[in-house]
*Asks:* 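Handing you a structure now.
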Amino acid sequence: MALIKSTSTLGTPAPAFDLPATDGRRYKLDDFEQDALLVMFICNHCPYVKAVQGRLVALAERFGDRCDVVAISSNDAVRYPEDSFDRMREVALEQHYPFPYLYDESQEVARAYGAVCTPDFFLYDAARVLVYRGRLDDDWQSAQNATSHDLAAAIEAVLRGEEPAAEQFPSMGCSIKWKY
């Protein structure tokens, strides 16, 4: 497990995508129409993602009627079979994901977004401009110990029509498992 931290590229438009999901549908960027869009790059095997799965579900349930939430897995499933599309379906059901879980087999979408780790969070406003790229909260290991809920605060700001906090701390987690 290698710890990687994301870097900010605020102000860029959301790259288009058209990907299959664990629910049997395909999703495109244009399918999401709420005033905010959260794109999360996650996977099945990463301990950082496993530690926050419940928080991701709670976040999506809390904001789902006002903020579209979508998760994308871009890991190399050949080298990491736990991240296969079949296993993604199982995890989505086991964890009761209330958001679409998409498979980026080519890894083109992860590259277009500049995703580098799992989890990696990208929050877009109604114009689909990146306004937040940072951590979920300040304690990836324990929801009870978290005192700063950065991503939730950013979503709340966007939904109020405001800019998220200027100081944004990078996401951190396992590197995306790129294909050779």
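Reckoned from all heavy atoms, side chains included, excluding hydrogens, waters and symmetry mates.
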*Asks:* So which pairs with a foot in residues 135-153 pass salt bridge (Lys or Arg N to Asp or Glu O under 4.0 Å), sequence neighbours left out?
*Replies:* Arg55-Asp137, Arg135-Asp150
*Asks:* List the steps and the verdict of side-chain contact (heavy atoms from CB on, under 4.5 Å) for Leu19 and Tyr27.
*Replies:* CA-CA 5 Å; Leu19 297 170; Tyr27 288 85; 6.0 Å; no
*Asks:* Any pair with a residue in residues 56-70 that passes salt bridge (Lys or Arg N to Asp or Glu O under 4.0 Å), sequence neighbours left out, goes on the list, sorted by first then second residue, please.
*Replies:* Arg62-Glu156
*Asks:* Please determine whether salt bridge (Lys or Arg N to Asp or Glu O under 4.0 Å) holds for the pair Arg133 and Asp120, giving the CA-CA distance in whole Å, both sets of side-chain angles, and the decisive distance to 0.1 Å.
*Replies:* CA-CA 8 Å; Arg133 181 174 180 193; Asp120 209 353; 2.9 Å; yes
*Asks:* What distance do Asp125 atom CG and Ile155 atom CD1 have between them, rounded to the nearest 0.5 Å?
*Replies:* 13.0 Å
*Asks:* Which pairs, with at least one residue in residues 104-114 and sequence neighbours excluded, count as a salt bridge (Lys or Arg N to Asp or Glu O under 4.0 Å)?
*Replies:* none
*Asks:* Under the side-chain contact (heavy atoms from CB on, under 4.5 Å) test, which residues partner Ala166, sequence neighbours left out?
*Replies:* none
*Asks:* Could you give the distance from OG (Ser74) to CH2 (Trp178), rounded to the nearest 0.5 Å?
*Replies:* 6.5 Å
*Asks:* Looking only at non-hydrogen atoms, find the nearest pair between Ala60 and Phe99 and report the distance.
*Replies:* CB-CD2, 3.6 Å
*Asks:* So, does Asn145 use its side chain to make a donor-acceptor pair with the main chain of Ser142 at under 3.5 Å?
*Replies:* no
*Asks:* Check the hydrophobic clustering (I, L, V, M, F, W, Y; side-chain heavy atoms under 4.5 Å; chains of links allowed) and say if Met40 and Tyr80 are grouped together.
*Replies:* no
*Asks:* What residue pairs, at least two apart or across chains, pass salt bridge (Lys or Arg N to Asp or Glu O under 4.0 Å) with a residue in residues 81-94?
*Replies:* Lys50-Glu82, Asp86-Arg89, Arg87-Glu90, Arg87-Glu94
*Asks:* Would a distance-only check, ignoring hydrogens and angles, find a side-chain to backbone donor-acceptor pair under 3.5 Å from Gln107 to Lys179?
*Replies:* yes
*Asks:* Show the numbers, then the answer: is there a side-chain contact (heavy atoms from CB on, under 4.5 Å) between Thr12 and Val129?
*Replies:* CA-CA 6 Å; Thr12 59; Val129 172; over 6 Å; no
*Asks:* Restricting to non-hydrogen atoms, name the atom on Cys46 and the atom on Cys174 that form the minimum distance, rounded to 0.1 Å.
*Replies:* SG-SG, 3.0 Å
*Asks:* So do the side chains of Leu37 and Val70 get within less than 4.5 Å of each other, counting heavy atoms only?
*Replies:* yes
*Asks:* Applying salt bridge (Lys or Arg N to Asp or Glu O under 4.0 Å), can you list everything that pairs with Asp76, at least two apart in sequence or on another chain?
*Replies:* Arg79
*Asks:* Compare every heavy atom of Pro47 with every heavy atom of Trp140, then report the nearest pair and how far apart it is.
*Replies:* CZ3-O, 4.0 Å
*Asks:* Is any side-chain heavy atom of Ile42 closer than 4.5 Å to a side-chain heavy atom of Tyr101?
*Replies:* yes
*Asks:* Does Phe63 reach the side chain of Leu159, with side-chain heavy atoms less than 4.5 Å apart?
*Replies:* yes
*Asks:* I need the minimum non-hydrogen distance between Leu38 and Cys67, along with the two atoms involved.
*Replies:* N-SG, 4.0 Å
*Asks:* When rounded to the nearest 0.5 angstrom, what is the spacing between CE in Met88 and CG in Asn75?
*Replies:* 10.0 Å
*Asks:* Begin from the C-alpha positions of Asp31 and Arg26 and carry the test side-chain contact (heavy atoms from CB on, under 4.5 Å) through to its verdict.
*Replies:* CA-CA 10 Å; Asp31 291 333; Arg26 289 190 74 84; over 6 Å; no
*Asks:* Could you tell me if Tyr48 and Gln141 have a donor-acceptor pair between their side chains, going purely by distance under 3.5 Å?
*Replies:* no
*Asks:* Heavy atoms only: give me the nearest Ala77-Tyr103 pair and the separation to one decimal.
*Replies:* CB-OH, 3.5 Å
*Asks:* Out of Phe41, Tyr132, Phe17, which one pairs with Phe122 under the ring pair (Phe, Tyr, Trp, His ring centres under 6.0 Å) rule?
*Replies:* Phe41
*Asks:* Backbone N or O of Ile176 within a donor-acceptor pair of the Thr118 side chain at under 3.5 Å?
*Replies:* no
*Asks:* Side-chain contact test, heavy atoms from C-beta onward, threshold under 4.5 Å: evaluate it for Asn44 versus Ser73 and give yes or no.
*Replies:* no
*Asks:* Do the side chains of Leu130 and Tyr124 get nearer than 4.5 Å, heavy atoms only?
*Replies:* yes
*Asks:* Is any side-chain heavy atom of Ser175 less than 4.5 Å from a side-chain heavy atom of Lys177?
*Replies:* yes
*Asks:* Does a side-chain heavy-atom distance below 4.5 Å link Val109 with Leu102?
*Replies:* no
*Asks:* Might you point out which heavy atoms bring Ala157 and Glu163 nearest each other, and give the distance in Å?
*Replies:* CB-O, 3.8 Å
*Asks:* Are any of the side-chain heavy atoms of Pro119 and Leu136 separated by less than 4.5 Å?
*Replies:* no
*Asks:* Stepwise, does the side-chain contact (heavy atoms from CB on, under 4.5 Å) test hold for Val158 with Leu123?
*Replies:* CA-CA 9 Å; Val158 169; Leu123 179 63; 3.9 Å; yes
